[in-house]
Amino acid sequence: MTENKETIIERAEGAVLHTYNRYPLVLEKGEGVYLYDTDGKKYLDFAAGIAVQALGYHYPGYDEALKAQIDKLSHTSNLFYNVPAMEAAEKLVKASGMSKVFFTNSGTEAIEGALKTARKYAWQKDRGEDHEIIAMNHSFHGRSMGALSVTGNEAYQAPFRPLVGGIRFAGYNDLDSVRALITDKTCGIILETIQGEGGIYPADKEFLKGVKDLCEEHDILLILDEIQCGMGRTGHMFAWQEYGIKPDVMTCAKALGCGVPVGAFVLGEKAAGASLVPGDHGTTYGGNPFACAAVSTVFDLYEKNKIVDHVRAVSAYLEQKLDALAEKYDFIKERRGKGLIQGLEVQGRPVGEIVVKSQEMGLLVITAGNNVLRLVPPLVIENRHVDEMIEKLERAF
Ligand SMILES: *Cc1c(COP(=O)(O)O)cnc(C)c1O
């Protein structure tokens, strides 16, 4: 028998380090695009475990493939080859039109690998040990020392200084501010194609193209963080694919494994050919057969069920409904986002209150930045789930 909610929360707080102010919900199981807590209450899930559960819960074909892989082999180390890693890497290469993949266990680790790739690429050219990386204000790339060093958030950084050196911060969507920071030591420019945690800000076309041109001109690696906005969420497999540019390095995680912890950094030809070699980088778990079976299955299911096309169709409906909300309620300042990564900027009332009220109404939504209501549902939602979300959200308002 399951213990009651209060006891579970008390025991969890007794043993788990308190680094999150968690909502007082104990989630027990999922089905489709719904979650159930230990009291049996049902929630429509527009958070998807922070943009992870792109296929929702128990999507046909997903569990079966993972169970089959567990029955065969779940881990071997990177000292040997395995079939799922080979297949997953090929599928990631094909979907991105890039060249080589390194699998990691998380988004943060993918960022670490991307930063090391840029440093090594430049070191190879001049043996310099003072190469610089340009990152963006209000960015989020993770919590490890390297990823935190390129995360433009003072509150996150302050207690942990000194951080990795040689990082400069520019304004997102402000090309001049990027240009002004470029020196002959710059080896990489890192940005999210759509800033997620910072408040759902998509890159402007001219900005991203301009950054790409600067990178070409100065032989700098362009690193695009697609951890949150990638894997079909914008209606393109990778958000940069609608900009007419290609990164030198891309980071993936979150929906890459749809619930299994896995990330990757993917290198274009230039970066793959002149950066990391044996001895430069490694991981014990990264790319293990179990995690890679998940990645491989995710790509198969996306293709078979035309998930990215579906995102385009359903997100058109979602945008229309959200725009109507923004029109109707004065406290919604604007809607931002693409596809199924959407934010409603709220003014004059605490967004956290809306999140809690939504939970009472049976809807899970999350926040981004200080005042943005973030909607990152499973990509398999249908129009009727959009209607249900709007109905519950309006009751929460
Ligand atoms: C979540 C996220 C990360 C960090 O990924 P983890 O798996 O939590 O380490 C990095 N970049 C972006 C854009 C993210 O949304």
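Counting convention: from 1, in listed order, for ligands and their atoms alike.
Note on R11 versus E13: no salt bridge recorded, every NZ/NE/NH1/NH2 to OD/OE distance being 4.0 Å or above.
When K185, R168, R119 are each tested for a salt bridge (charged side-chain N to carboxylate O under 4.0 Å, His left out) with E132, only one passes: R168. The side-chain contact (heavy atoms from CB on, under 4.5 Å) test with E197 singles out one residue from I50, N153, T151, and that residue is I50.
A search for side chain to side chain contact (heavy atoms under 4.5 Å, CB included) contacts involving A88 returns F103, C292, V295, S296, not counting sequence neighbours.
In the hydrophobic clustering, where aliphatic and aromatic side chains (Ile, Leu, Val, Met, Phe, Trp, Tyr) are joined below 4.5 Å either directly or transitively, F160 groups with F140, M145, L148, Y156, L163.
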Can you pull every nitrogen or oxygen pair between ligand 1 and the protein closer than 3.5 angstrom?
unit_1   : atom_1 : unit_2 : atom_2 : d
ligand 1 : 7 (O)  : G107   : N      : 2.8
ligand 1 : 9 (O)  : G107   : N      : 3.4
ligand 1 : 9 (O)  : T108   : N      : 2.7
ligand 1 : 9 (O)  : T108   : OG1    : 2.6
ligand 1 : 11 (N) : F140   : O      : 3.2
ligand 1 : 11 (N) : D225   : OD2    : 2.7
ligand 1 : 15 (O) : Q228   : NE2    : 2.8
ligand 1 : 15 (O) : K254   : NZ     : 2.6

Expected list for residues 248-262: side-chain donor-acceptor pairs under 3.5 angstrom, two or more places apart:
unit_1 : atom_1 : unit_2 : atom_2 : d
D248   : OD2    : L222   : N      : 2.8
T251   : OG1    : D225   : OD1    : 3.1

